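A quick write-up on the structure given underneath.
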Amino acid sequence: CHKIILLTAFLCLPGLFCDMAGDDYWFYGVFNGGIPIEEAYSASFEYFSIYDGQPSRTQSMVEMGMTPWWVYEGYKVMFWRPLTELTHWVDFVLWPKHGGIMHFHNLVWYLALIAVLSLLYQSTMTTRIAIGIALLAYAFDSGHGNNVGWIAARNGVVATFFGVLTLVAHIHSRENNHLLAKLLAPFFLVLALLAGEYGIAVGAYLFAYAVCLDKEGPVKGFVALLKYAVVVIVWWLSYQHFGYGEGHIGGGGSYIDPVTRPLDFIDALAFRLPLMLGRAWGFVPPEFVAGNTSPLFIFNGLVICGFLIAIWPLLKREKVARFWLVGTVLSALPICAAPPSARMFLFVSIGSCALIGMFLHEYFGDGKKTGKSKLIVKMVAGMLVLFHFVLEPLLLPLSVYAPQLSGDMHRKSLFSLSSQYELEGKRVVLINSPPGFNFFIPSMLLYYDSDLPKSIWMLTSDYAVKEN
């Protein structure tokens, strides 16, 4: 395990040379408190509270150019992630303008996740080689690079870390009747949920364990899950009570709450779920798939079918394999509530990589068990090796560094604007500025100790500055 951690740290080193990017600047602006917009109603640090559904705040953001003038005044984007927000607060207190150290903070969480994941694999799989293959596949996944290279994406790693600890403690409590583990498991679930909504995905593996592996059978296994259900219900009621969520009255929003918008969620599953599972065993980032008739979407479908055919003998023989498959599929459901993104695969990859480890171990070991002579099995094995152990480790450093490129684009635009014009007390009119740039202008000006303009109006291309 320690060798895999060291190798992963080496591949992620480019992140240490990155500065802030995108929402990282917004976090700094919130911490600094210098953005002249109305304070959001929030129960925590507000880093993930952007629009709070109040027209007065939305209008103040329009006046500072952070959102288009035509945005719906009641729009809301508020996520309750106080534990992750606490880690960002520590960053800004200790090293507020050292992006490299903040990226190192991200990397530490990712390496810690790999360490606890090794414990999870050891608790369910008995073969060291299969465990090593699974852990390598997970650690090298370039889809995780964004979670390491983008400071603002830390919430996914923190939520997954505590989610894995939840599962490890639960398995230990069920197999050994360990009292401390029984107490720690729901506590870790609380921390996972407070790190990010994504933490709820661990419920998929808890369910799968009760169905497939619990030594006392599914019924008692489900009874043991009741305490987690209580935690989730209390968390969700608190989430609603404090006004968190995304969208607006009457529906809408790119994030879909399965509880309040079940039909929209089911409709989204038809497109998003194949993207998630196809990426889990294949290679195509979901962001690249334009629609359900695109060649890439069809390729994802072929990857899923081919992989399931190849592992069918393993699934029939090994209940652990069935556990990982059920957990993989079910853990993909909650992330279908969000727009498809490779950085959302941290939980899905846990089960998909375990299956890759088990399949490849048998294929290169006792090929008779996997039907090694069959063409489709050979093709799947070759595809997995190529995708996950050749291309993924090559792309991981690039994925870690990618947020720096968007950050450089925004910095270039900001420095071009501030070097050409005296902005203090002026009304800035922006026309066709780079995507997402306007939202970060006030925060970036604060970060670089520049004066803020009186207001910023967003139109379409170039810059124009008025005296009043």
Side-chain angles (χ1 to χ4, degrees), residues 121 124-125 127 130-131 133-138 141 143 201 204-205 207-213 266 268-286 289 292-336 340 342 344-389 391-392:
Y121 285 158
T124 55
M125 296 188 285
T127 308
I131 293 171
I133 295 172
L135 204 58
L136 275 174
Y138 190 91
D141 194 324
Y205 293 100
F207 176 87
Y209 183 84
V211 172
C212 303
L213 294 181
I266 293 172
L269 279 180
F271 175 65
R272 294 178 176 180
L273 186 59
L275 292 186
M276 302 300 181
L277 298 180
R279 175 60 179 83
W281 295 301
F283 186 69
V284 179
V289 182
N292 56 13
T293 58
S294 70
L296 292 179
F297 187 83
I298 296 172
F299 174 77
N300 270 354
L302 294 175
V303 167
I304 296 171
C305 293
F307 184 77
L308 291 178
I309 292 172
I311 67 169
W312 183 247
L314 183 64
L315 292 174
K316 290 194 297 182
R317 190 175 64 255
E318 297 285 349
K319 60 182 181 180
V320 173
R322 296 193 291 272
F323 158 68
W324 288 123
L325 180 63
V326 173
T328 300
V329 175
L330 293 183
S331 66
L333 296 181
I335 64 175
C336 287
M344 303 295 291
F345 279 83
L346 289 163
F347 264 113
V348 178
S349 298
I350 293 173
S352 65
C353 290
L355 286 171
I356 290 172
M358 295 179 70
F359 170 74
L360 290 180
H361 171 248
E362 287 201 351
Y363 179 82
F364 290 108
D366 187 357
K368 293 181 180 180
K369 291 184 179 181
T370 60
K372 190 172 184 178
S373 60
K374 295 180 180 179
L375 178 61
I376 191 169
V377 175
K378 292 181 178 179
M379 292 176 62
V380 169
M383 176 193 72
L384 292 175
V385 172
L386 174 64
F387 287 170
H388 294 275
F389 301 99
L391 297 178
E392 292 284 20

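Positions are given from 1, in the same order as the sequence printed here. Just so you know, these numbers come straight off a predicted model, no measurement behind them.
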Assess the residue pair Leu384 and Phe389 against the criterion (side chain to side chain contact (heavy atoms under 4.5 Å, CB included)); give the C-alpha distance rounded to whole Å, side-chain angles, the decisive distance to 0.1 Å, and a yes or no.
CA-CA 8 Å; Leu384 292 175; Phe389 301 99; 5.6 Å; no
[X] [atom1] to [Y] [atom2] distance, which is reported to the nearest 0.5 Å:
X: Ile133; Y: Cys353; atom1: CD1; atom2: SG; result: 11.5 Å
X: Ile311; Y: Glu318; atom1: CD1; atom2: CD; result: 12.0 Å
X: Ile266; Y: Cys336; atom1: CD1; atom2: SG; result: 12.0 Å
X: Met276; Y: Asn300; atom1: CE; atom2: CG; result: 10.5 Å

Got [X] and [Y] here, is their nearest side-chain heavy-atom distance under 4.5 Å?
X: Val320; Y: Leu213; result: yes
X: Met125; Y: His361; result: no
X: Phe347; Y: Ile335; result: no
X: Val303; Y: Met383; result: yes
X: Ser331; Y: Ile350; result: no
X: Ile356; Y: Phe387; result: no

Backbone of Ser352 reached by a side-chain donor or acceptor of Thr328 within 3.5 Å
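Side chain of Thr328 to backbone of Ser352: a pair is present.
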Do any N or O atoms from the side chain of Tyr205 and from the backbone of Trp324 form a donor-acceptor pair under 3.5 angstrom?
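Here the side-chain-to-backbone pair does not exist.
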Parallel, tilted or perpendicular for Phe307 and Trp281, by the 30°/60° rule?
parallel
Given Val380, Ile304, Ile376, Val377, the one that forms side chain to side chain contact (heavy atoms under 4.5 Å, CB included) with Ile309:
Ile376
Knowing that exactly one of Leu275, Leu273, Leu269 qualifies, which makes a side chain to side chain contact (heavy atoms under 4.5 Å, CB included) with Phe271?
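The passing option is Leu275.
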